[in-house]
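To start, I am sharing the structure in question, which I have written as structure tokens.
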Amino acid sequence: MNFNEIAVFIQVVQSGSFTAAAKKLQMPNSTVSFKVAELERRLGVSLLQRTTRKLHITPLGHEFYEQCLKGIEAVRFAEENILAATG
């Protein structure tokens, strides 16, 4: 599991494009594209459909995105609880 690839994928979905995600993440476009491609290769599915003008999330991509968001929220909640308990 590569959390960096997942974080990049989430940003691409939320930004609506590889270019916007790259700007937000302060990464080259090629790095963002590579990380998403590696995630797709590892999972063995296409998460995003790319055309020259648009980016569409596949049904499996949408399901993966939703599950990943739940996981990130759980980690944020855990972090907030630790910070509240120690702060």
Closest non-hydrogen atoms of T58 and S46, given as atom of the first, atom of the second and distance, are OG1-O, 2.8 Å
Scanning both residues in full, the closest heavy-atom pair of F18 with N29 reads O-OD1, 3.3 Å
How close do A20 and S15 get, heavy atom to heavy atom, and via which atoms?
CB-CB, 3.7 Å
Salt bridge check: are E73 and R76 linked by an N-O gap of less than 4.0 Å?
yes
Determine the interplanar angle of the F9 and Y65 rings, folded into 0 to 90°, and report it as parallel if under 30°, tilted if 30 to 60°, perpendicular if over 60°.
perpendicular
Is it true that, when you exclude Q14 itself, more than 12 heavy atoms of the residues, nucleotides or ligands shown sit nearer than 6.0 Å to its CD?
yes
Quick one: closest heavy-atom pair of R42 and N2, and the distance?
NH2-N, 3.7 Å
Distance from L39 atom CG to N4 atom CG, nearest 0.5 Å?
10.5 Å
Should the heavy atoms of other residues, nucleotides or ligands under 6.0 Å from CD of E66 be counted, would the total exceed 12?
yes
Between the side chains of K35 and E38, is the shortest nitrogen-to-carboxylate-oxygen separation below 4.0 Å, so that they form an ion pair?
no
Nearest heavy-atom approach of L60 to V45 is CD1-CG1, 3.8 Å
Smallest separation among heavy atoms of E40 and L47, with atom names:
OE2-N, 2.8 Å
Indicate if F34 and L55 have the same hydrophobic cluster label, given that clusters are the connected sets of ILVMFWY residues with side-chain heavy-atom separations under 4.5 angstrom.
no
